[in-house]
Amino acid sequence: MDLSAANRKGLSLFALIMIGLGSIFGSGWLFGAGQAAQVAGPAALVAWVIGAIFIGMIAMSYAEVGAAYPLPGAMARFGSISHGPVLGFITGWAVWIATASLIPIEAIAGTQYMSSWSFGWARGLVADGSLTGTGIAMALLLTFALWLACYWSVELLARANNLLTLVKFAIPVLAVGALIASGFHTDNFTSHGGFAPNGWSAVLTAVTASGVVFAFNGFQAVVNLGGNAKNPGRAIPLALVGALSLGLVIYLALQIAFLGAVPPEKLAEAGGWSGINFASPFADLAKLLMLHWVVTMLQFGAFISPNGANIGNVASSAYLAQNLADTGFFPKKIAEVHPRYGVARPAMWLNLGFSVLLLLTIGHSWEALASVVSAAMVVSYLMGPIAVGVFRQTKPELPRPFRLPAAKVLCPLIFAFAACALYWSKWPNTGKVTLLTLVSVPIAAVVLRRRGENLRRQFAPAWWMVGFLLWLSLLSALGSKEFGGHGVIPGGLDTALVGVSALGFYFWAVRAGVQAHRAGLPGPDPVLSGSRDGADGGPGAVPAQAGERETAGAAAS
């Protein structure tokens, strides 16, 4: 899946920051502030800070492994490099599902905001909060248009995204200024139930279920496309810090402006923040305040932002599908790279088909997909801290342009935080994501059996992930009602139980990775050995000798 030399040298640090920031400023800023305010009230500000800290910690773990392995679509490869092909496929599948699902979501968001345009055909795009037949057709058109732009090359992606991101950055800044200038009501932050009217559990739910994690998820584009940077080891961590820092500042400003601009009489009429339910939050609020020029600007921005973010999503999901093909679990045809444009066009066709399937089945509104996809994103984050822990033990000689400080302490805490965030996604979202992720397990078993592999040996490093997802789903179903459970486990104890048990799963996962390396399951290292195919432990891996396999099987068991 190597890109051409031209494309490999094509992304500067600035372009990589713009790709990350462009992905962060997708539909999240259009809907996130309104939804977070409805769920958590003024305490939504805390949700954004918690979300930024959480994503920042995850991103820094990926900065170490991403800079050490600057491979396009890298987030789908770390599981293979650390634990072997089976876990690589499971985690790669989760990352691919989460990233490819963003393509139709962003198209849906753009279409929903287009329905606020004054044209008759635009008003018919949405009815009763869901896309109409015309709306679905428009979302399909937007999806195909952005997919086609990325069909030609990564260089075109970078040139288009730089311009779109600058526009997207300016629009929310102007919107914040206009809303605050129209009249800022400080009482909104303490009236109608106080700063946290729905309790602090609602703040935690807002982190994952109201678009906060969804908004910051754009950091993945930096890791997945960082292999195309001129100096990946330096560019990846700097681009992550730059994109996330700028994103947090703007999102906090948007949330403050939204909370302070809602007219007090509207808030009283709605019975508090839970009753504020704008279909197009900022555009509807600007209409309420008679800021017609802001409405026009937001309508334009609502078209640009999601579709601009989709540039990174289309490219990232293509790289992820390529990596799954490199493992041998997807057809090898998908990994074929165009000799001139340096992109895997079969992978892009696969993602386009997946996007169309989602749009035609369950993707009838942004809200219908965002909470489930946010939970899927959290699953895709799990490998970062585990990969750091495994590589620190098994690959001390690995060049690390960036080293996560205090990794022995931070990595278990990052993993536990990710487990809590997944739990906060609420039941039944956790169950849906577990089911969707574990679909990959029987697929892997069938492929490996056809190859004549020893299933016990191959699956040994991956059982921790299966056990973790099933255990978390059980806790979610039995947990407190604040997080959608049946209330068997009381509030407070449920989150504590998730965090403590996650630490056990972390150390199990790291131990499994160390044993997998002793067994030779990950294959030759793509950096230390210079072998690309062997990195995934797939068909291109150098097989162990017979005696080594017997010893490896015992170690893996």
**Q** Using the salt bridge (Lys or Arg N to Asp or Glu O under 4.0 Å) criterion, which residues pair with Lys426? Sequence neighbours excluded.
**A**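 By the salt bridge (Lys or Arg N to Asp or Glu O under 4.0 Å) rule, Lys426 matches no residue at all.
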**Q** Lys432: what forms a salt bridge (Lys or Arg N to Asp or Glu O under 4.0 Å) with it, not counting sequence neighbours?
**A** none
**Q** Who are the side-chain hydrogen bond (donor to acceptor under 3.5 Å, both in side chains) partners of Ser476, not counting sequence neighbours?
**A**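 Result, side-chain hydrogen bond (donor to acceptor under 3.5 Å, both in side chains) vs Ser476: Thr430.
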**Q** Does Tyr506 have any side-chain hydrogen bond (donor to acceptor under 3.5 Å, both in side chains) partners at least two apart in sequence or in another chain, and if so, which?
**A** none
**Q** Which residues satisfy the side chain to side chain contact (heavy atoms under 4.5 Å, CB included) test with Leu435, sequence neighbours excluded?
**A** none
**Q** Going by side chain to side chain contact (heavy atoms under 4.5 Å, CB included), name the residues that satisfy it together with Leu13, two or more places apart in sequence or in a different chain.
**A**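 Only Ile17, Arg234, Ala235, Leu238, Ala239 meet the side chain to side chain contact (heavy atoms under 4.5 Å, CB included) criterion with Leu13.
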**Q** Hey, which of Phe415, Phe417, Phe219 is the one that makes ring-ring contact (aromatic ring centres under 6.0 Å, His included) with Tyr381?
**A**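 When Phe415, Phe417, Phe219 are each tested with Tyr381, the ring-ring contact (aromatic ring centres under 6.0 Å, His included) holds only for Phe219.
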**Q** Restricting to ring pair (Phe, Tyr, Trp, His ring centres under 6.0 Å), what partner residues turn up for Phe216, sequence neighbours left out?
**A** Trp48, Tyr251
**Q** Answer yes if the ring centres of Phe329 and Trp93 are under 6.0 angstrom apart, and no otherwise.
**A** no
**Q** Can you name the residues that form a side chain to side chain contact (heavy atoms under 4.5 Å, CB included) with Thr434, not counting sequence neighbours?
**A**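 Checked Thr434 against side chain to side chain contact (heavy atoms under 4.5 Å, CB included); matches are Leu438, Leu469, Leu470, Ser473.
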**Q** Taking atom CZ of Phe507 and atom CD1 of Ile386, what is their separation to the nearest 0.5 Å?
**A**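 Output value for this atom pair is 11.0 Å.
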**Q** Does any part of the side chain of Tyr69, heavy atoms only, come nearer than 4.5 Å to the side chain of Leu398, both counted from C-beta?
**A** yes
**Q** Which residues pass the side-chain hydrogen bond (donor to acceptor under 3.5 Å, both in side chains) test with Ser440, not counting sequence neighbours?
**A** none
**Q** Compare every heavy atom of Leu358 with every heavy atom of Pro104, then report the nearest pair and how far apart it is.
**A**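 Distance-wise, the nearest heavy atoms are CG-CD1, 3.7 Å.
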**Q** For the residue pair Pro399 and Leu528, what are the closest heavy atoms and their distance?
**A** CD-CD2, 4.0 Å
**Q** Below 30° counts as parallel, above 60° as perpendicular, anything between as tilted: where do the rings of Phe330 and Phe89 land?
**A** perpendicular
**Q** Backbone N or O of Ala519 within a donor-acceptor pair of the Arg457 side chain at under 3.5 Å?
**A** yes
**Q** Under 4.5 Å between any side-chain heavy atoms of Ile334 and Leu324, yes or no?
**A** no
**Q** Any sub-3.5 Å donor-acceptor pair from Thr132's side-chain atoms to Leu125's backbone N or O?
**A** yes
**Q** What residues form a side-chain hydrogen bond (donor to acceptor under 3.5 Å, both in side chains) with Tyr62, not counting sequence neighbours?
**A** none
**Q** Is there side-chain contact between Met114 and Leu142, with heavy atoms separated by less than 4.5 Å?
**A** yes
**Q** My understanding is that only residues two or more places apart in sequence, or in another chain, count here; which of them pass side chain to side chain contact (heavy atoms under 4.5 Å, CB included) with Arg403?
**A** Glu64, Arg392, Arg400
**Q** Taking all non-hydrogen atoms of both residues, which atom of Leu87 and which atom of Pro461 are closest, and how far apart?
**A**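 Taking every non-hydrogen atom into account, CD2-O, 4.2 Å.
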**Q** Of all residues at least two apart in sequence or in a different chain, which pass the ring pair (Phe, Tyr, Trp, His ring centres under 6.0 Å) check with Phe459?
**A**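 So Phe459 forms a ring pair (Phe, Tyr, Trp, His ring centres under 6.0 Å) with Trp463.
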**Q** Show the nearest heavy-atom pair for residues Val379 and Val433, with the distance to one decimal.
**A** CG2-CG1, 3.5 Å
**Q** Which atoms form the tightest heavy-atom contact between Ala59 and Leu240, and what is the distance?
**A** O-CD1, 3.4 Å
**Q** Does any N or O in the side chain of His83 come within less than 3.5 Å of the main-chain N or O of Gly88, such that one atom is a donor and the other an acceptor?
**A**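 A pair under 3.5 Å: no.
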**Q** For the atom pair CD1 (Ile236) and CG (Leu16), what is the distance rounded to the nearest 0.5 Å?
**A** 7.0 Å
**Q** Evaluate the ring planes of Phe505 and Phe468, with Trp represented by its six-membered ring, and classify them as parallel (under 30°), tilted (30 to 60°) or perpendicular (over 60°).
**A**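 Because their plane-to-plane angle is over 60°, the rings of Phe505 and Phe468 count as perpendicular.
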**Q** What is the distance from atom OG1 of Thr143 to atom CD1 of Ile108, rounded to the nearest 0.5 Å?
**A** 8.0 Å
